[in-house]
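Here the structure is laid out as structure tokens; the discussion comes afterwards.
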There are 2 protein chains.
Amino acid sequence: MTTRRAMPRQADIAREAGVSQATVSVVLSGNRARVRMAETTRLRVLEAAEKLGYVPDPVATRLASSRNHMLGLYTFKTTFPTDVADSYYPILVGVEEEAAALGQDLILFTGRGGADRRDHDAAAIRRTRVADGCLFFGRHVPDEAIGGLLDSGFPLVYIGRRPELDNRIPFVGADYVRASAKVVEQLIHHGHRNIRYLREPDDAPSSTDRERGFRQATAGLPATVHRLDGGIDLDAWRKEGVTAVVVEETDTSTAYTAVTNALEAGNLTCPRDLSLAVLGRPPGQAEHVTGFAVPRREMGRQAVRLLVRLITRELGQDSPAARQLLPCEPVAGTTVGPVNQGSPA
Amino acid sequence: MTTRRAMPRQADIAREAGVSQATVSVVLSGNRARVRMAETTRLRVLEAAEKLGYVPDPVATRLASSRNHMLGLYTFKTTFPTDVADSYYPILVGVEEEAAALGQDLILFTGRGGADRRDHDAAAIRRTRVADGCLFFGRHVPDEAIGGLLDSGFPLVYIGRRPELDNRIPFVGADYVRASAKVVEQLIHHGHRNIRYLREPDDAPSSTDRERGFRQATAGLPATVHRLDGGIDLDAWRKEGVTAVVVEETDTSTAYTAVTNALEAGNLTCPRDLSLAVLGRPPGQAEHVTGFAVPRREMGRQAVRLLVRLITRELGQDSPAARQLLPCEPVAGTTVGPVNQGSPA
DNA sequence: CTGAAAGCGCTTACAG
DNA sequence: CTGAAAGCGCTTACAG
């Protein structure tokens, strides 16, 4: 039960090796300054360090220099969602994998909810500065706090595309535009012309991107976008000539659920009566639904890699390479087929 | 794109308020030393801090004092297991919940595997000292590294009972002895006398505790312990008069799997032909199996609480209260019934 | 009541 | 080639 002073410091090594503390620092940090030094001195220091079981104090290192090989992860909501199936988890797996591979520790910052939420988040966000840099993840961007971090040159990376703050935020997102367009092109390839897109009434980048992809692919076609705001009437749509439905996919799966309910209610089968594609993966085990898979794990990994490159200044905060969109994996599924020639039910 | 120097320091506040930097420190830290000070001065400092958007630098705080309100979590394997159903996850949920509730950030330390694993772990374990204290979780205890931490008075708590190092390690575990005994008592209550215990050939505390509970409950009965080392012959056991089987449950579920396979092969039904209880929860959705649930989430929460009490010195490292065993929740299930009166198949 | 000083354990110019 | 000094942003005795 001695005190914390039990940990050997550089000064102890210096005494042991008969050199100055500064020399110890130079030797132990690999002599990056390329100071010329007698090999014997170097060895003596190394030996003393080994003998005393020296481990650098990460706190002091961080204060004196500017690296401590710690990466922050700030999440705005609980980091470990209770709902394990949450889309969140694979990202964490990727983040941790890559952080470990690059020799970085991870600091989890949790913005606590409650009454003083705003203040609290601001303080917590500022605290991220203990780390060399920080990953952020969440639907909204607290402009002021993040802007402050950006202004001060603190390395940060958002997970998910972030056009906010004049596109000054580095990010690693998924290329929803292209993935969505490809799904819709598949429908067109099957002969569909009148395609309806069902989206949720939210304007997060991931939503608008999907819609853009849909619009790109259907340019010139009678395809229309329907914003969910209640029930949907598939029969009416079919009477209008709609032969395929494309639904947005989000955390809540509201749009997807609405469609499957309507299909069931109308006793409709895909792709016999209607072709169906989802812009993402549906909840549960519905693996037969055509769509695409978001590379969440890879997003986590790449976000870490990008953050480290920002930290080492290998990449500038403003570099185009600091805005990454990863491709999504198409999922063929079985809910898309040729246009049904029969008349609507 | 300014430098990090953009963050205001206490010195900046001091200049703004026309006081010394030390006075700023006193005011901002709530004047715990109860230094007498003009209220107007205090307010002036607070106002200046507010105006400049001051946030204390946690690194400097930690170096100068000894608290930074960060808790470490060291895991020896990947912190986010890819197998989501892993028993690991609920503990993390509990840890994060309670850490957030107590206003503590979390630092994840991951011992990387690989060739230099031992050295690496040792260095990583030492790095935990950036935090005010650290939670540890894993099947083995690296004696030397943990002993060193303990010697230096660094607050740490293991998740899971830890008799190693002469019981010097504070922990929060589950009371497997009592939970196991209760399960077995249930069997005895149903009239079973000749009960067989199937355990895996591993001597972790969680294994030996379960066996102890079994032995306690079956004292004086012909109950015997069988160490798994290949296939098992249920028919032979039944001919010996065994009417109930109790299996250990671990990460791997080896024992449980062996029994269910044997049951299936022998076309046996529980509890008709044999009563079955598992000392924990079986893998998958087998909710009908009698056993008990380990309070993992609560273990996570309590471990955090204990660690904080250690950090604040409210509790000493050697205090008996720093060795906690949480009760497990019994699961009734349907695989235990009265002794089968018919003859063995 | 408030300021000046020392120190936490490092890194990084700068002298010799 | 190596040492002495300053400084990172705080806290904590200690003087006035």
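Every chain is numbered from 1, with letters handed out A, B, ... down the list of sequences.
- Rounded to an integer number of Å, the gap from CG of Leu63(A) to C1' of dT11(C) is 10 Å.
- For Arg42(B) and Glu39(B), the salt-bridge test passes: some basic side-chain N is under 4.0 Å from an acidic carboxylate O.
- Close to dT11(D), at under 4.0 Å from its OP1 or OP2, lies a side-chain N or O of Ser25(B).
- For CD of Glu50(B), the number of neighbouring non-hydrogen atoms (other residues, nucleotides, ligands) closer than 6.0 Å is 12 at most.
- Counting to the nearest Å, the P atom of dG9(D) and the CG atom of Asp12(B) are 9 Å from each other.
- The CZ atom of Arg44(B) sits 13 Å away from the P atom of dC1(C) (whole-angstrom rounding).
- Taking atom OH of Tyr54(B) as the reference point, atom P of dG9(D) lies 10 Å away to the nearest angstrom.
- Using a 4.0 Å cut-off between charged side-chain N and carboxylate O, Asp12(A) and Lys51(A) make no salt bridge.
- Side-chain rings of Phe171(B) and Phe136(B) stay apart, their centers remaining 6.0 Å or farther from each other.
- Distance Leu28(A) CG to dT12(C) P: 13 Å, rounded to the nearest Å.
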Could you list all N or O pairs between the protein and nucleotides 3-5 of chain D that sit under 3.5 Å apart?
from   : atom 1 : to       : atom 2 : distance (Å)
dG3(D) : OP2    : Ser20(A) : N      : 3.1
dG3(D) : OP2    : Thr23(A) : OG1    : 3.2

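- Across all strands shown, nothing is found opposite dA4(D) as a Watson-Crick or G-U wobble partner with both distances under 3.5 Å.
- Contact annotation: the side chain of Asp105(B) never approaches that of His69(B) to less than 4.5 Å [non-hydrogen atoms, C-beta and beyond].
- Nucleotide dA13(C) is matched to nothing when pairs are restricted to Watson-Crick or G-U wobble geometry with both distances under 3.5 angstrom.
- Counting heavy atoms from C-beta outward, Ile146(A) and Leu165(A) have side chains that approach closer than 4.5 Å.
- Atom-to-atom, CD of Gln10(B) to P of dC8(D) comes out at 13 Å; the value is rounded to the nearest Å.
- Residue Arg42(B) contributes atom CZ, which lies 13 Å from atom P of dC1(C) at whole-angstrom precision.
- Annotation: dC1(C) and dA13(D) have their P atoms spaced 22 Å apart (nearest Å).
- Judged by distance alone, the side chain of Gln104(A) and the main-chain N or O of Leu102(A) form a donor-acceptor pair under 3.5 Å.
- Between Asp132(B) atom CG and dC8(C) atom C1' the separation is 15 Å, expressed in whole Å.
- Contact check, Thr41(A) against dT2(D): a side-chain N or O comes under 4.0 Å of OP1 or OP2.
- If you find the closest nucleotide of DNA chain D to Ala60(A) and to Glu39(A), the one lying nearer the 5' end belongs to Glu39(A).
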